[in-house]
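A quick write-up on the structure given underneath.
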Protein chains: 2
Amino acid sequence: MSAIPAPRKRRKEDRPSELLGAALHLFVEKGFTATRLEDVAAKAGVSKGTLYLYYENKEALFKAVIQEGVIPIIAENEAIAAKHTSSSFDLLEKLLDNWWTKIGQTAFAGIPKLMVAEARNFPELATFYYENVINRSRALVGSTLRRGMNSGEFRPMDVETTIDVLIAPILMLLIWRFSMNCCQGSQTDPQQYLQIHMDILRQGLRRLEKESQV
Amino acid sequence: MSAIPAPRKRRKEDRPSELLGAALHLFVEKGFTATRLEDVAAKAGVSKGTLYLYYENKEALFKAVIQEGVIPIIAENEAIAAKHTSSSFDLLEKLLDNWWTKIGQTAFAGIPKLMVAEARNFPELATFYYENVINRSRALVGSTLRRGMNSGEFRPMDVETTIDVLIAPILMLLIWRFSMNCCQGSQTDPQQYLQIHMDILRQGLRRLEKESQV
DNA sequence: TAACTTAATGACCAACGAGTCATTAAGTTA
DNA sequence: TAACTTAATGACTCGTTGGTCATTAAGTTA
């Protein structure tokens, strides 16, 4: 690239998030170890030394990337659930819509792939992610399932396991997007995929009338 | 570890697969770049130089790990499908059982996690894996879905997308096992998980009688 | 049993990349 | 405007690791 690099410019307030954005992109693409800090710095438009003004080391940068991804979407969904009054399935759909808008269509959507790839190398961080993202989402989905079962809208099922089966296609949609999608001829339409997932669940979770009669 | 290392012993016939087994284990755990060849050699009970007698370089070893994982289970499932005469849902269950026995409970179960983690770094290999594992499996599931829709057993749905929704929880079961399971308090029982997945599908895919009347 | 072949070894070298720091340049203050 | 502060720089150091190869040892052949 023959462009003249941007001249030095102080941007103390913006640098941390610019560096995080560059780091998120490259860590998601290549993984922690295969990402070079010189590339992260270049992507953020600075030199490698600048990185060390804001982050102590490579691992500190990595942790900041994951921790910043824990954005208030979880709390938002918790608030949505607290207010909800109509059917439990409507609530599931509303939670999914909100998640898709706020995470599914942003750079943070790459974090599941990154976390899955690096969990064994950073177990404490994986635990942090599990407790603050995965488990809070699971709790929301779980309480919605129980609510539907209690009202007779859903058939009785083991909730803890059903949560995992229900969440799996959603996480996989993101993981696949930042991973295997690079290397296959055709790709799934995410909206249609989520629609079919919910469609199967709408009927698959339903308490059928024959069951009521038994 | 204070054990005296095994004395040198020639094992020309067994070495390649011993090295592959060691490499599979460490690549799945740490990822390609973070895995040191000295550790792979040590795990196989040899010195690092021995590795280079059988594999040209680190990348060649990695590719052999993925390629060896394409085991004849796909062909086996294709044969099972060709012979099947009862319900399409029974066939889906049979295919899943066979996959679980032959892959889900072996070391090869780690390959989806490894492939997902490294696809962007090894796009040709990801394409190979997609075409030889993922897409052949998708074709089997797809023909089974069409078979069920044609007979009236399943309701009409977009097959290509339904395949992905159906396969996602199965792949996720393996990915999660070799990734996030290290770092969360409790874990899903795989048999129950797959049972609930199939249970939701049994009812979720079904063509209901009301639909027939419309 | 000596001569030979070949599987295995691990010290070594070169390349790489995380992290450092003396220097430079942007911006602020007096 | 000079003096000062501080954000940015990139050459450099040092440790790590992929890959090599002279040497060793296991096994075979004559």
Side-chain angles (χ1 to χ4, degrees), chain A residues 1 3-27 29-66 114 118 121-122 125, chain B residues 1-27 29-66 114 118 120-122 125:
Chain A
M1 171 201 307
I4 295 159
R8 292 195 194 189
K9 196 152 184 355
R10 293 183 173 204
R11 298 172 54 81
K12 180 171 168 154
E13 300 300 313
D14 297 330
R15 286 289 184 224
S17 60
E18 287 170 354
L19 291 164
L20 282 185
L24 171 60
H25 188 274
L26 290 171
F27 283 145
E29 178 183 339
K30 300 171 186 290
F32 176 84
T33 311
T35 293
R36 297 160 69 242
L37 288 183
E38 186 156 2
D39 289 337
V40 174
K43 189 170 183 65
V46 297
S47 202
K48 192 168 61 166
T50 305
L51 241 170
Y52 287 90
L53 288 178
Y54 297 96
Y55 298 97
E56 180 169 6
N57 55 35
K58 190 177 185 184
E59 184 168 334
L61 178 66
F62 181 64
K63 287 178 170 173
V65 159
I66 299 292
L114 176 57
E118 300 292 346
N121 291 324
F122 299 93
L125 195 59
Chain B
M1 179 201 297
S2 57
I4 296 158
R8 291 193 194 193
K9 194 149 181 5
R10 293 181 174 208
R11 299 172 54 79
K12 178 171 169 156
E13 300 301 312
D14 296 330
R15 285 291 184 223
S17 59
E18 287 169 355
L19 290 164
L20 282 186
L24 171 61
H25 188 275
L26 291 171
F27 282 145
E29 178 184 341
K30 300 171 186 287
F32 177 83
T33 311
T35 294
R36 298 161 69 242
L37 289 183
E38 187 157 359
D39 289 337
V40 174
K43 189 170 182 67
V46 297
S47 200
K48 194 168 62 166
T50 304
L51 240 172
Y52 288 90
L53 288 178
Y54 297 95
Y55 298 96
E56 183 169 3
N57 54 36
K58 190 176 185 183
E59 185 169 332
L61 177 66
F62 180 65
K63 287 178 170 173
V65 159
I66 299 294
L114 176 57
E118 301 292 346
R120 304 276 291 275
N121 291 324
F122 298 92
L125 196 60

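Reminder, nothing fancy here: chain letters follow the sequence lines and each chain counts from 1.
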Derivation of the side chain to side chain contact (heavy atoms under 4.5 Å, CB included) call for B/Phe32 and B/Asn121:
CA-CA 9 Å; B/Phe32 177 83; B/Asn121 291 324; over 6 Å; no

Gap between atoms [atom1] and [atom2], on [X] and [N] respectively (whole Å):
{"X": "A/Leu61", "N": "C/dG17", "atom1": "CG", "atom2": "C1'", "answer": "15 Å"}
{"X": "B/Asp39", "N": "D/dT17", "atom1": "CG", "atom2": "C1'", "answer": "11 Å"}
{"X": "B/Glu59", "N": "D/dT17", "atom1": "CD", "atom2": "C1'", "answer": "16 Å"}
{"X": "A/Glu38", "N": "D/dA8", "atom1": "CD", "atom2": "C1'", "answer": "15 Å"}
{"X": "B/Leu51", "N": "D/dG18", "atom1": "CG", "atom2": "P", "answer": "10 Å"}
{"X": "A/Tyr52", "N": "D/dC12", "atom1": "OH", "atom2": "P", "answer": "18 Å"}
{"X": "B/Phe27", "N": "D/dG18", "atom1": "CZ", "atom2": "P", "answer": "9 Å"}
{"X": "A/Lys30", "N": "C/dG17", "atom1": "NZ", "atom2": "C1'", "answer": "14 Å"}

Taking the minimum atom-to-atom distance to the side chain of B/Arg8, which one of D/dT24, D/dT9, C/dA18 wins?
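Closest nucleotide to the B/Arg8 side chain: D/dT24.
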
Does some side-chain heavy atom of A/Phe27 sit less than 4.5 Å from a side-chain heavy atom of A/Ile66?
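They are not in side-chain contact.
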
Would one find a side-chain N or O of [X] under 4.0 angstrom from OP1 or OP2 of [N]?
{"X": "A/Lys9", "N": "C/dG27", "answer": "yes"}
{"X": "B/Thr50", "N": "C/dT9", "answer": "yes"}
{"X": "B/Arg15", "N": "C/dA8", "answer": "yes"}
{"X": "A/Arg36", "N": "C/dG17", "answer": "yes"}
{"X": "B/Ser47", "N": "C/dG10", "answer": "yes"}

Has A/Thr33 got a side-chain atom pairing as donor or acceptor with B/Thr33's backbone, closer than 3.5 angstrom?
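Answer holds: no.
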
Would you state whether a donor and an acceptor, one from the side chain of A/Arg10 and one from the base of D/dA7, lie under 3.5 Å apart?
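Checked by distance alone, the answer is no.
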
Under 4.0 Å, heavy atoms only, any strand: does [X] hit a base, just the sugar-phosphate, or nothing?
{"X": "A/Thr33", "result": "nothing"}
{"X": "B/Tyr54", "result": "sugar-phosphate"}
{"X": "A/Leu53", "result": "base"}
{"X": "B/Lys48", "result": "base"}

According to the Watson-Crick and G-U wobble definitions, with both distances under 3.5 Å, which nucleotide is paired to [N]?
{"N": "D/dT20", "value": "C/dA11"}
{"N": "D/dA26", "value": "C/dT5"}
{"N": "C/dG17", "value": "D/dC14"}

Closest-nucleotide 5' rank along DNA chain C - winner of A/Gly49 and A/Leu37
A/Leu37

Identified side-chain contact (heavy atoms from CB on, under 4.5 Å) counterpart of A/Arg15 within the set A/Glu13, A/Lys12, A/Arg11
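Going through A/Glu13, A/Lys12, A/Arg11 one by one, the side-chain contact (heavy atoms from CB on, under 4.5 Å) with A/Arg15 is satisfied by A/Arg11 alone.
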
Do the ring planes of A/Phe122 and A/Phe62 sit parallel (below 30°), tilted (30 to 60°) or perpendicular (above 60°)?
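Judged by the thresholds at 30° and 60°, the geometry between A/Phe122 and A/Phe62 is tilted.
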
I need the B/Glu18 CD to B/Lys43 NZ distance, nearest 0.5 Å.
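Answer for the CD-NZ pair, B/Glu18 versus B/Lys43, is 12.5 Å.
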
